[in-house]
Structure formats: structure tokens, C-alpha cells
Amino acid sequence: MSLLRYSAWRVTQALPVLVGIIAITFFLANQIPGDPVEIMLGPTPAQEQVEAIQAKYGLDRPAHERFITYLTGVATGDLGTSIYYDRPVLEMIILRLPVTLVLMLSAFAFAIITAIPLGVISAKRRNEPADHVSRIVSLIGVSTPSFWIGLVLIIVFAFHLGWFPARGLVLPWADPADVRGAATRFEVLRQAAHHLFLPMIALGTLQMAQITRIERSSMVDSLQGEYVKLARAYGVPESTIVRKHAFQVAQLPVITIVGLGLSTALGGAVLTETVFEIQGMGRLIITAINNQDYELIMGTTFMFGVAYVVGVIITDIAYAYLDPRVTYGDE
Amino acid sequence: MALGNTDTDDVPAEGADGPDEGAGEVEARVGMRYTLAQVKRDTTARIGIYIVGFITAVALFASIDYYILDYAIAEAILYDPESDPDTVRRLLPPFGMENQFGQGVLEHPLGTDHRGRDIFTRLLYGTRVAMTVGFMATTIGLVGGTLIGAVSGYYGGWIDDVLQRATETVYAIPFLVLVIAFMTAFGRDLRFAMIGVGITAIPVFNRLIRSRVVSIREEDYIEAARAAGVKDRNIILRHIIPNSFAPVLVQATLQVGVSILIVAGLSFLGFGAQPPTPSWGQMLSVSRGYMLPAPTFSVWPGLAILITVVGFNILGDGLQDALDPRINN
Amino acid sequence: MTEPLLSVENLKTQFFTEDGTVRAVDGISFDVHEGEIVGLVGESGAGKSVATSSILRLVESPGEVVDGEITFKGETLFGLEEGPDGEPQPSEEMLSEEEMRDDIRGNEIAIIFQDPMESLNPVFTVGGQLREFIELNRDLSTKEAEQEAIDMLREVGIPDPENRYDEYPHQFSGGMRQRVLIAMALACQPDLIIADEPTTALDVTVEGQILELVEELQEKYGTAFIWVTHDMSVVAEICDRVNVMYLGEIIEQADVDDLFYDTKHPYTQALLDSMPRPDETVEELNPIKGVMPEAINPPSGCRFHSRCPEAREVCTRVHPEPRTVAEGAVADADAPTEAAVADAATDDGERPHTVACVKYDAFDVGYDSSEPLETEATGGFSAGLTDTGGEADD
Amino acid sequence: MTDELASAGDVAEGEPLVEVRNLKKYFDNDSGLLGGVDVSTEFPFVERSPTHVQAVEDVSFDIKKGETLGLVGESGCGKSTLARTVLQLLESTDGDIYFKGEDLTELSGEELRTKRKDMQMIFQDPQSSLDPRMKVGPIVEEPMKAHDMLDEEGREERAKELLEKVGLDPQHYNRYPHAFSGGQRQRVNLARALSVNPDFIVCDEPVSALDVSIQAQVLNTMRDLQEEFDLTYLFIAHDLSVIRHISDRVAVMYLGQMVELADKEELFENPSHPYTQALLDAIPAPDPRAGGRTAVLKGDVPSPVDPPSGCRFRTRCPSLIQPEEYDVDDATWRDLVEFQRAVKRRAFETTNREELRRRYFDGDEPGGEAGDVLSEALGHISQEEWDEAETLLTESFAEQSVCATEEPAYEIDSQYGDGRHYAACHLHQGIATASGSDAGVNEGVTSDTVADETAEPAD
């Protein structure tokens with residue numbers, strides 16, 4: 001199987017999961033007590049008004065019919081209309097999704113860039129001081145709530161030291177005209193990085209810690225592989241062994257963990273966006289829930305699911321790329 | 001540092017070669033007694049036990065004080081302006097407290113919150129919520145995940161496929177979003193938080209149990225039991241479950257920590273324990289409004305969460321080392 | 001006689017574990033001459049593999065070479081001298097770690113491991129791995145090394161080597177992978193190849209292919225081999241000279257024909273008697289009684305005495321060092337004349353036949369007058385089978 | 001104890017206890033909801049292409065009461081699968097298995113479970129065949145418990161007795177398996193299998209994980225027990241020495257099929273299938289003065305997903321039979337076959353006709369029809385058209401042979417003893433006493449037992 005066909009095959013496999021996500025959110029949204037119409041029109045609306053609204057959003061029809069309608073809608077790219085904002089859900093998401101993606105990607109970049117060296121050093125210098133430090137860092141990393149890290153960072157770096165802003169985010173591709181205090185593209189980028197720094201660390205710490213742990217144990221295993229012994233027996237320098245022979249094999253479990261970490265990180269984004277008052281997908285879904293805006297709830301949850309599934313497929317393909325056994329295996 | 005000696009997982013079976021390598025070494029150490037002895041020998045695991053034991057004791061104390069004594073002890077020790085002076089007075093004599101009205105024996109060691117309540121007391125009470133939710137959610141995840149994983153792994157085929165797609169779907173929705181949606185649908189109270197977090201733990205245990213079952217099912221001793229004519233039910237009860245126990249125990253320990261983190265996050269967003277029930281996440285949520293004037297207000301509940309979760313994590317790591325069949329002295 | 005290629009003197013390797021010191025290799029000595037195949041044979045736990053990794057100084061923690069001297073073509077691979085504080089320290093002549101890596105491992109001494117499935121890195125192409133080792137150990141450019149790798153693959157019988165060069169290990173069968181490992185060893189043009197149970201994991205027909213190939217290539221390149229195995233049949237087929245190991249010691253050392261036809265040590269004899277044979281129907285097997293004791297706590301005196309059918313009281317006290325009991329060609333009283341005839345045919349009749357067993361006159365410790373011992377081996381059918389590893393648990 | 005254990009079976013000594021007829025076992029490569037679904041580049045972009053491994057293909061044989069039938073073959077030849085299928089631990093794809101006359105393939109789950117009392121199994125890996133979390137006593141008692149034998153005390157007593165019988169100390173009843181060495185664990189396995197007093201035990205490579213000296217101990221014990229408890233063994237091994245020692249009759253498997261079956265002495269002294277011959281030739285003997293091997297089998301075993309037609313061994317067979325349409329001498333024919341296989345394996349790189357002629361045909365190309373084909377193929381090769389050359393040679397030579405067109409199954413005369421000798425090789429076409437190809441019954445063969453009506457292996 002070629003890599004391309006393998007990828008296509010993975011995408012096909014993901015479809016049932018997406019339908020499942022819609023089913024779950026549809027069911028949950030349906031369960032939400034309270035009448036959205038009431039929220040829109042106040043406690044004593046006129047009967048005609050209610051009926052008009054219900055007809056507009058299809059609320060007068062039975063649940064299974066609405067589910068089918070919704071499903072076909074999703075298939076054609078229509079996620080419905082937000083009751084509260086009275087705007088298409090998709091439009092709202094397109095507005096907010098990039099913010100969350102920027103946050104997520106930078107957090108993962110931070111996590112991977114710090115975790116891999118930490119894990120490798122830890123494995124190579126097992127039971128030496130460097131290893132202990134790295135293990136304590138990762139232990140604390142997996143044990144600390146991300147939002148608390150955010151709060152502490154804000155107190156220290158924003159309030160006391162004043163190095164970074166405490167709230168908000170600037171998108172790197174924003175129009176300089178819309179960004180206060182920025183006249184040039186470079187200024188915008190600088191501000192974006194400036195704003196991004198604290199939330200990135202708050203969100204990325206957990207991932208960093210998890211990846212360090214798995215990188216360490218995976219490297220330890222790999223360094224004991226028979227092929228490493230063989231390389232030593234053929235006089236390959238220790239640095240090459242670590243960098244090449246042991247390293248690539250050791251990345252396979254790491255990739256899996258990165259893929260699984262996406263779900264946690266997306267959830268963490270909700271908290272990070274709250275702490276840093278960033279208007280991303282996380283805030284959107286909290287607002288939607290508070291307003292019982294169930295079209296929006298379904299839409300955003302679905303997008304979270306899509307983001308996760310896409311991420312997992314990418315990691316799967318990366319795995320297949322690194323491990324020849326996956327794609328050539330069934331020949 | 002204590003982390004030092006946890007790392008015995010990879011001493012290779014040297015000194016032996018040939019087909020019968022290291023007979024009697026791999027899988028050599030079994031049985032509850034051995035496990036406990038091993039855990040006790042492991043410094044890291046011991047620290048984990050102390051932390052978890054301490055937090056559990058505090059949680060028990062807080063529960064007794066809450067349900068049976070109606071806050072009496074806490075208030076006797078630490079003054080709380082919102083408490084009812086009568087209760088305090090009623091309970092004072094047996095405890096031999098000198099103070100007559102309201103004032104606790106200790107000043108506020110960690111200060112008071114925005115409403116003048118003692119932070120230390122509220123932290124102590126927070127353990128109750130954290131531990132209850134942690135244990136209950138883990139139990140729900142464990143039971144649900146074990147059932148699904150065992151059925152899935154043992155029967156295989158389309159049952160496996162359907163169940164695995166379903167749990168994958170649950171996993172695909174970020175934990176926090178799923179629990180929030182769940183609580184919005186069913187009610188913003190602690191019970192639903194527990195159930196919600198429990199549901200998110202199901203895929204984790206399912207994945208673990210299923211892979212265990214699938215690999216144990218291939219072991220020769222399972223086939224030997226089948227060849228001997230042992231009933232399926234007995235094979236599951238007597239061979240598969242006992243042999244899956246170790247990694248599940250480790251995961252469950254870690255999962256308590258994870259659940260505590262998730263519930264703290266929920267409370268922070270206003271979906272966890274509702275006021276006035278003290279919970280760490282909710283304290284953090286409130287503290288956001290006072291970050292400038294009272295930064296320490298944010299620090300204490302966070303540290304409480306950190307220490308508790310660290311406790312569970314190192315206990316889990318220690319157990320893993322102790323139960324690892326690869327350990328070979 | 002010429003200088004040996006490799007000379008191992010009194011090598012001791014120990015593992016320092018929580019339960020105590022495991023003396024995996026306990027004072028073994030043997031030589032390997034140019035172009036010969038020397039067998040290192042023994043059952044599991046005999047210390048064969050540890051001995052070979054000690055030669056390349058590749059013993060991993062908690063193991064350590066603690067004593068002995070290893071010389072290879074005049075260079076000291078391992079040697080100790082007394083330090084200023086009286087403690088032994090690495091001698092001056094001993095090669096540094098860098099020298100071992102750059103000049104010895106791969107270039108001069110190559111190794112083939114037992115498990116061809118695990119020895120190749122799964123994420124790199126077979127050719128790439130081969131090329132890397134060639135580049136490292138011979139002064140060839142990448143291009144030349146690649147050509148050499150392809151030629152070598154063809155040489156060891158890999159069909160269609162140009163295309164298979166770019167394939168991954170999982171696309172090769174077990175036998176083919178073992179061929180790749182042989183190609184790897186040969187391509188570096190070493191003078192000595194250590195083959196650690198290279199055919200144990202393979203099927204008989206594949207084993208046959210590999211043995212045939214090795215014999216052919218050995219003739220062509222004249223490389224010396226240390227062939228580690230537990231299989232006496234393989235020894236008989238491929239080795240020139242054999243060292244029999246038991247519990248970390250070499251208990252018998254002889255030319256292959258002497259070993260089989262003029263067997264001296266009771267253990268070697270027992271091993272041969274316990275084997276079923278493919279070429280004749282053996283009605284009754286004579287197993288060696290009991291199990292091998294643990295290396296952590298070996299029996300006193302002769303380590304084999306607890307299982308030896310000829311053990312006497314003196315065997316529990318006296319620890320025999322290997323001694324020459326017969327020059328290669330000397331026909332002993334219990335050696336059939338045909339052995340002597342065959343010996344004459346072997347090229348080197350001068351190599352001594354050494355044995356570590358006190359029953360021979362060379363030891364003169366009063367074996368004959370000693371009381372026969374009641375051991376497991378002299379007991380009944382089930383005796384002794386109970387007295388084993390389980391003890392550690394109580 | 002011996003009385004209690006005396007065989008309760010209704011099959012007389014020497015009668016077939018187990019009769020396997022045309023047994024097939026296929027494995028699906030893909031399973032599950034989306035298994036076997038593949039993405040394609042054409043509409044509808046998804047296709048289902050299930051493949052299966054033909055692990056056991058049409059195997060028939062008997063196992064007589066009280067004997068040891070050795071089953072030998074290389075890894076992946078299907079011997080373990082066959083053993084498990086005979087015991088119905090794996091569901092058979094097709095064929096029948098009669099145990100004491102009852103067809104196991106038609107029994108329901110519970111009926112089969114009850115039947116397991118009479119047929120037990122011993123596994124290869126002494127490490128993993130005992131539950132590490134169970135003590136030895138309960139392990140031995142488990143089968144008795146499953147079949148409601150005796151009461152608690154009786155079971156314990158019997159377990160201890162059995163431990164002693166297999167050469168262990170009954171005091172070890174309360175120990176965990178890890179406290180035992182490999183050989184001892186294999187003895188525990190024996191005790192467990194014996195606990196329910198079975199008639200038939202399948203031994204799947206029971207000694208191959210053990211050291212030589214321990215191997216002999218276990219083999220001796222197994223023999224003693226067979227005598228004492230009147231057991232019938234199906235003994236699987238890849239080691240011909242062990243097979244020669246323990247078996248009464250020996251069956252040889254190659255790529256899922258049985259290629260030869262005969263009495264031990266007959267099989268080892270008069271091997272009649274080229275594969276058996278190659279196998280025997282390949283094993284080294286513990287004797288430095290033994291002659292070297294004559295010819296080594298080349299190439300790898302083909303994939304069981306798409307096995308060769310006719311005789312499955314034909315792609316590696318040194319004695320491939322010449323098709324009738326060619327008329328070259330035997331030596332030239334062997335050269336042609338050799339060359340065809342060399343092309344298939346791309347074993348050489350030169351395209352020089354002269355050199356190839358020298359290397360494979362002593363400088364002399366054969367004439368006639370075969371020569372024409374060869375000439376054309378050499379032409380292709382000089383053009384670097386490897387695939388064309390391969391196809392041409394394979395289609396003209398290898399696939400024209402009777403070995404490729406017909407499945408062989410013959411009975412030949414035994415030269416040692418008077419047992420039957422089955423050899424699935426077309427070389428015996430002319431001299432065979434009976435052709436097994438019409439399956440089922442054939443009575444033209446003498447046998448010890450007059451009542452022996454069922455056939456020896458046949459397809």
C-alpha cells in the first residue's frame with residue numbers, strides 16, 4: 001500500500017467517528033433544559049412569533065427528522081444558524097478557529113521542541129542529575145492544572161514584571177491597521193509573539209511533560225535494542241547511535257502520544273482562553289452553552305471533533321512515514 | 001533525589017543465553033505480598049503513599065466534620081465569620097477550647113478570601129470534593145472501560161469494531177467540552193461532573209483493558225485452559241482478569257489525578273461544585289478577580305491541586321515499577 | 001607454531017546484581033588462530049555470549065570485565081596492571097575506548113548476532129545499514145560503499161540485490177536477514193568474526209544454507225571465526241577447534257575430532273550421550289541429571305560435580321584448572337585407534353587437548369582413592385529434578 | 001492409581017483413534033467491520049479484496065491408539081495450526097476429524113468442551129503456558145475442575161500424585177511457576193494434561209525450548225508416561241533428531257500439505273519425497289566425520305496466500321519432472337530448471353549470453369524445442385527484459401511439468417517394516433502401489449490390522 005492510499009484509507013475510517021460526534025452532540029444539545037425560543041423572545045412571547053421562530057429553526061419537527069436534516073446540512077457544509085447571534089454557525093467558527101489553531105500549534109511546537117531534547121538527555125544519562133531534573137520537571141508538568149499555570153504566569157510576568165500582556169491575542173496575519181500600536185507587519189508579528197508567549201506555555205506545559213515522559217522511556221527501550229548493540233559492535237560512535245540509530249525508532253510511540261494529546265490540548269484551550277481572555281473556539285463554546293445556543297454548541301463541538309480527527313490522521317500518516325512496516329506491512 | 005531508584009525497569013537479563021534464557025526471572029515476581037513489599041522498597045512510591053494517605057485522611061476528616069459535626073471542628077480551630085456561633089459554642093467544651101466566641105485557636109495561616117473566610121479551612125474542605133470526584137469518576141471509568149474493553153477484546157469481530165468506534169468518538173470530543181455539554185444537558189451539579197468525567201475516562205480504560213485482553217488471549221496458558229476444556233467464563237475470571245490487574249491498578253491511580261485536574265478545570269469554569277461548597281477550582285476561579293491585590297489567594301489552591309496530583313502520579317509510577325514484570329534483579 | 005590471532009587469558013566477567021555477584025565468565029583462556037573456526041559450546045547460562053561481548057568490551061552495566069588479558073594481533077584489547085594503590089587498573093597498553101571503536105570493532109573483529117529479526121534497525125533500509133558500516137570501517141566513499149554493499153549482498157546469495165538494497169528489514173525472511181548480517185560482517189573485511197548462535201533461530205534447511213555459505217566464504221576470505229552455539233551437531237560440522245563451557249568455565253578444549261572421538265570430560269560425554277540423533281535411531285537417551293546450578297552460587301570444587309555420574313568426594317573440594325591430558329594426536333587408552341588416524345589427517349596435531357577434571361592422572365589429587373559421591377546423577381529417575389531453581393523463592 | 005487411570009476408551013490398541021479427513025484451515029488476512037476494504041483509485045474508490053492464508057490444505061491421516069505420530073516441518077508449514085485444528089481449538093474450514101469415531105467438527109461448543117477430557121495438549125513455551133499468577137497445584141487441578149472430576153481433596157491428592165509421576169516433588173504443590181526451570185515447567189504441563197486421564201495428547205514442540213540435556217530428561221519421561229497410561233501422542237517438532245527418537249510413524253509437512261508419511265525407520269532410511277530428502281540432508285549430525293551435505297535446498301518457502309499449483313514443493317524441488325513435450329537429457333533439464341529459478345530470483349546481473357551459457361549450461365545450449373525457448377529467453381535477458389524472460393521460462397518449463405498440473409498422492413512399497421508409505425510426489429507415479437488421488441478407501445495395502453478399512457492419507 002502506498003502512503004497515499006494509506007492516507008485515503010485512514011480518512012475513510014474516520015467518517016464513522018465524525019457521524020458519531022454529531023450524534024452525541026445532537027443528543028446532548030437536545031437534552032439541554034429550557035427553551036431557546038424563550039431566551040430569544042423573553043418570557044411571554046406571542047404565539048405566532050414562537051411558531052415563526054420554531055419553523056425557522058425547524059424546532060417544530062421531531063428529533064430524528066432534525067438530526068437527518070442536520071447531518072445532510074453538515075455534509076453540504078451548512079452547520080446551521082446561531083440562535084443567539086443570528087448568524088451562520090460556520091461564519092462564527094471561521095472567525096474563531098484560527099485563533100485557537102494558532103494557540104494550539106504554538107503550544108505543541110513549544111512542547112515538542114523542549115520535550116524531545118529533555119527526554120533524550122534523560123534517557124541517555126539515566127539516573128544522573130540531568131535525568132532527575134528532567135523527570136521532576138515532567139512530573140510537575142503532568143500534575144499542574146494548566147489554568148493555574150496561566151494565573152501564576154500572569155501574576156508574575158504580567159503584573160509584577162510587566163514583561164508580557166495579561167490578556168488577548170493578536171493574529172500574526174492581522175491587518176496592521178486593526179492592531180493598536182502596530183504600524184508595520186513586523187510590529188504585528190512582534191505583538192502576536194508577545195501575546196502568544198504566556199498562553200502558549202500555559203497550554204503547552206502538560207503536553208511537554210507527557211512527551212518528555214514517553215520520549216524518555218521510548219529512548220531507553222530503543223537504546224537497548226539489538227540493533228543498537230550491533231551498531232556499537234561495528235564501531236559506530238555513541239553520538240551517532242543516539243542521534244540516528246536509536247532516535248528514529250524511539251519517535252514512533254512519541255507520535256502516538258502527540259496524536260492522543262490533541263484531545264486534551266483542545267480541552268485545555270477552553271481553559272487557557274478563559275484565563276487569558278482570548279476570543280477563540282473555547283470561549284465560543286462556553287458562550288454558546290451559557291446561552292443555550294444549541295446550533296452553535298453542536299457546530300463548535302463538531303469542529304473540535306474534526307480538528308482532533310484531522311490531527312490524528314496527520315500523526316498516523318507521520319507514523320506510517322517513519323515506520324516502513326505500516327505501509328509495506330500487508331504486501 | 002528520591003526519583004533515583006525507581007529506574008530498575010531495564011536491567012537486561014545478562015549472563016544467560018540460549019533458548020531457555022533467564023527462566024524463572026521474567027514474570028517471576030507475582031502476588032500481592034510481593035507487590036506491597038516492592039512498593040515499600042521504592043522510595044518514590046513511598047512518598048506517593050504518604051501524600052495520598054495524608055490527603056485521604058484530610059478528606060475523611062473534612063467529611064466527618066461536614067456531615068456529622070456540622071463544621072464544628074474546623075470552626076473551632078479556625079475562625080470563620082460566616083459560621084453560626086451557637087454551633088461553635090455547643091461543641092467547644094469537649095474540645096477544651098479556650099476561646100468563647102467565634103475566634104479560632106489559630107489566626108488565618110494562609111489569610112482569608114474575599115468574603116473573609118479562612119483559606120486554610122476551605123483548602124481542607126476542598127480535599128473532600130477533589131477526592132470524592134477523583135475516586136468516583138475513576139470508578140465509573142474503570143467499570144465502564146473494563147466492561148467495554150473486555151467484551152470488545154474477548155469477542156472481537158464486529159462487536160469490537162462498533163464498541164471501539166463508539167469509544168473513539170467519545171475520545172474525539174475534548175474531555176472538557178464533553179463534560180461541559182453533558183452537565184449543561186443534565187444539570188450543573190457535582191454528581192453530573194463525576195459521571196461526566198467518569199465517561200471521559202472510559203476510553204482510557206477501554207483501550208488499556210482491550211489491549212491487555214487481546215494480548216493475554218494469545219498467551220499459551222489461555223489456550224492451555226481452553227484445550228483442557230475450561231469454560232470461557234472461568235477463563236475470563238481466573239486467568240484474564242487477574243493477569244490484567246496490574247496495569248489497570250497503575251492506570252486507575254494515575255486517572256484519579258487526571259480526574260482531579262479535570263474537575264478543577266470544570267469548577268474554574270463554573271461547572272463544578274457550586275458555592276458555597278468549597279472546591280479548589282472554584283477558589284481559583286474567584287481568585288482571578290483579586291490577582292493584583294491578593295496574588296497568594298491564587299497560589300494556595302493551585303499548590304493543593306499540584307501536591308495531590310503529584311501524589312497520585314508518583315504512586316502510580318512507583319506501582320508501575322513495582323509491578324513491571326520486566327524487573328529483573 | 002605461529003602467534004595466535006586472538007588470545008584470551010584468564011578472562012573474568014562478572015555481573016553485580018542486587019542478589020549478589022554473578023560470575024558469568026570465570027577465568028577462561030583460549031586462542032584463535034588465523035583462518036580457523038573455533039567453537040564455543042555450552043548450554044544456556046554457560047556464559048558463552050558474555051565471553052564474546054567481553055572480547056569486544058561491549059559488556060553492559062551491571063556487568064564488567066574484572067580480570068584477564070585479551071590480545072589481538074599484538075594489541076591489548078583488555079589488560080590490567082597494579083595501580084599505585086595496589087588496586088588493579090587498566091594497563092597502559094590497553095586500547096582506549098576510541099581506539100576500540102575506530103580500529104577494532106567492525107574493522108578487525110565483526111560480530112553476527114543470534115536474532116536476525118532484532119539485529120537490523122526496522123526503520124532504515126537494509127542497504128543503508130550495510131553501507132553505513134562499510135563506510136565506517138573501510139576507507140570508501142559513499143558511492144563505493146554502496147557498490148560494495150550490493151556486491152556483498154549478491155555474494156551472500158541475496159537475489160536481485162540492486163532492488164533489495166532499498167528494502168526494509170521486515171521485507172526479508174529470517175534466513176535472508178541472517179545473510180545480510182553475514183554480508184555486513186564480511187564486508188568490513190575483518191580478520192575475526194564472532195558468530196553468536198547465528199543459526200539457532202533458523203529452520204534446518206535455512207541453517208544448512210547458512211552453514212554452507214559460511215564454509216564457502218570462510219575458505220574464500222580466510223577469516224577466522226569464533227562460533228558460539230549450543231548445538232553439538234553444528235560444532236561437528238563447522239568447527240576446527242572446540243571449547244566446551246560449563247557454568248562460566250571452559251572444561252574441555254580440543255580439536256573437533258578429538259572432542260567427539262576422544263571425549264575426556266564427563267560433561268562433554270554426557271552432553272553427547274543425551275542427544276537424539278538424526279542419522280540413527282537411539283532407543284534410550286541418557287540425560288544429564290538435574291539442572292544447571294545458578295552462576296550466582298556455583299557448587300564448590302568442580303562445578304559439574306553435582307550432576308556428574310563419576311563424581312567422587314574429592315570433586316567437591318578440588319577445583320580443577322584445565323590441564324593438558326593428551327597432545328592432539330596421542331591415542332589414549334580409551335580412544336579408539338580410528339581417532340588417531342583421523343588426528344593425523346588434521347593439519348595441526350600439536351594443539352593440546354586440555355580438560356578440567358580431576359579424574360585424570362595429570363591432576364594427581366587422589367581421585368582414585370576418593371569415595372564415590374551420592375549425587376543426583378547417581379540417584380533414581382525422579383531424584384534431583386526437584387532440587388532446583390525454585391529454592392530461591394523460599 | 002493405575003487402575004483408575006486405565007484407558008476407558010473403546011478403541012483397541014493399533015486401531016485408529018483419530019482420523020483426519022481432507023482437513024482444511026484457512027485464515028482470513030483481514031477481519032472486522034472494515035477489514036479487507038481497500039481504497040482504490042477508481043470508482044467507487046473502495047473495494048473489498050479479502051485474501052486468505054491456506055495454512056492447512058487438504059490433509060488426511062490416522063493416528064492409531066497407543067502410537068506416537070511425529071509431525072515434522074519447518075516454521076510456517078502449518079504443523080501447529082494442524083494440531084490446533086485437530087483439537088478444534090481452531091475451527092476447521094473444511095474436512096472431518098473423527099475422534100473415537102465421533103466427528104469433532106460437528107459438535108457444539110459445550111459438547112466439544114466435554115470431549116476435551118479425552119484429548120489434551122502440551123505447549124511449546126514452558127514460559128507462557130503456565131499462568132504466572134496461579135500456583136502449580138491449582139494449575140494441575142484446573143482441567144479436573146473443569147470436568148467435575150473428584151472433590152476438592154481428591155483433586156489435590158491426585159495433583160500431588162501426578163507431580164510425583166512426572167518427576168517433581170509433590171511438596172511443590174504450592175509454588176508459583178516462576179520458581180521452576182524450563183524443563184520442570186514442561187513437567188507441570190505434562191501433569192496438567194494427564195490430570196483428566198486423556199487418551200490422546202497433542203504435543204506442540206514440547207522440548208524445542210529446552211537445553212539438550214533437559215530435553216532428554218523430558219523425552220524419557222514422556223515415553224515412560226505413554227507406556228504407563230497408554231497414551232497416544234501427536235508429537236510436533238521441527239527437530240528431526242527428536243522426531244526420530246520419539247515417534248513410531250512420521251508425517252512430513254510442507255506449506256500446509258502433508259508430503260510424506262511412513263513408519264519411522266522407513267521414512268528416515270528410505271525417504272521418498274524430495275523435500276524429506278532435502279530436510280534429512282540439511283540436518284547436521286553430531287559427528288565431525290560425517291560427510292557434508294549433498295545439496296542445499298535453495299530459496300525461501302513460497303507464500304501460503306498464493307501457493308504453487310500441483311505439488312507445492314515444485315518451485316524448489318531438485319527433481320522437477322520434465323514435461324513430455326520436451327526431450328532433453330536429465331542433466332540438461334536440471335540446468336534449465338536451475339536457470340529458470342535463477343532468473344526468477346534475479347540471482348545474476350550479467351546479461352551476457354555467452355557468460356550465462358557458460359555458467360548454467362557448460363557453454364552448451366540445448367537444442368530442440370526447449371532450446372528454442374531458452375534462446376528466446378536469453379534474448380529477452382540481453383535486452384534487460386527480465387520480466388518477459390521470467391514469464392516465458394516459467395510458463396514453458398516450470399508450469400508445464402506434471403508437478404505443476406496435477407496434485408500428487410501415492411502409496412509406495414515400504415522397504416523397512418511393513419507399514420504403509422505415503423509420498424506425495426509424482427516421481428512415484430509409475431511404481432506406486434496405489435494412487436491416493438481417488439481418496440477415501442483403498443484396501444490394496446497390507447497392514448497389521450485386518451480391520452483397517454480407512455485409508456492412509458489421501459487427497
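Chain naming here is simple, since letters A, B, ... match the order of the sequence lines and numbering starts at 1 in each. None of the values given here were measured: they were computed from a predicted structure.
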Looking only at heavy atoms, what is the nearest atom pair of [X] and [Y], with distance?
X	Y	answer
D:Pro288	C:Val256	CG-O, 3.9 Å
C:Thr205	D:Ala282	CA-CB, 3.8 Å
C:Ala236	D:Pro286	CB-C, 3.9 Å
C:Asp279	D:Arg244	C-NH1, 3.3 Å

Query raised in the report: Is it the backbone or the side chain of C:Arg277 that comes under 4.5 Å from a heavy atom of chain D, or both, or neither?
Result: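 When you check distances to chain D, atoms from both the backbone and side chain of C:Arg277 fall under 4.5 Å.
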Query raised in the report: Which bit of C:Gln209 comes within less than 4.5 Å of chain D, counting heavy atoms only: side chain, backbone, both or neither?
Result: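 For C:Gln209, the contact with chain D is made by backbone and side chain together.
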Main chain of [Y], side chain of [X]: is a donor-acceptor contact present, judged purely on distance under 3.5 Å?
X	Y	result
C:Glu207	D:Ile283	no
D:Asn220	C:Leu285	yes
C:Asp203	D:Ser75	yes
D:Asp211	C:Ser44	yes

Query raised in the report: Rounded to the nearest 0.5 Å, how far does CG of D:Asp287 lie from CE of C:Met232?
Result: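 It comes to 12.5 Å.
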Query raised in the report: Quick check: are there more than 12 heavy atoms from other residues, nucleotides or ligands sitting under 6.0 Å from NZ of D:Lys344?
Result: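 Counting neighbours around NZ of D:Lys344, 12 or fewer heavy atoms of other residues, nucleotides or ligands fall under 6.0 Å, so no.
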Query raised in the report: Under a 4.5 Å heavy-atom cutoff, which of D:His238, D:Arg223, D:Glu269, D:Gln171 has the most pairs with chain C?
Result: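 Maximum pair count with chain C is reached by D:Arg223.
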Report task. Just give me the residue among C:Pro159, C:Pro161, C:Pro287, C:Ser233 that pairs up with chain D most often, heavy atom to heavy atom, under 4.5 Å. Result ->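 Of C:Pro159, C:Pro161, C:Pro287, C:Ser233, C:Ser233 has the most heavy-atom pairs under 4.5 Å with chain D.
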Requested in this report: Can you tell which part of D:Leu297 gets under 4.5 Å to a heavy atom of chain C, answering side chain, backbone, both or neither?
Outcome: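 D:Leu297 touches chain C through backbone and side-chain heavy atoms alike.
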Report task. Please look at D:Arg316 and chain C and tell me whether the side chain, the backbone, both or neither of the residue comes under 4.5 angstrom of a heavy atom of that chain. Result ->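 Side chain of D:Arg316 only, per the 4.5 Å heavy-atom cut-off to chain C.
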Requested in this report: Test the D:Arg289-C:Phe260 pair against the cation-pi criterion, namely NZ or CZ under 6.0 angstrom from the six-membered ring centroid and within 45° of the ring axis.
Outcome: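 The answer is no; the distance or angle limit is not met.
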Report task. Applying side chain to side chain donor-acceptor pair (under 3.5 Å), run through D:Gln215 and C:Ser274 and close with a yes or a no. Result -> CA-CA 8 Å; D:Gln215 221 174 50; C:Ser274 68; over 6 Å; no
Query raised in the report: Is it the case that D:Ser213 and C:Glu43 place a side-chain donor and acceptor less than 3.5 Å from each other?
Result: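 Per modelled atom types, D:Ser213 and C:Glu43 side chains form a pair under 3.5 Å.
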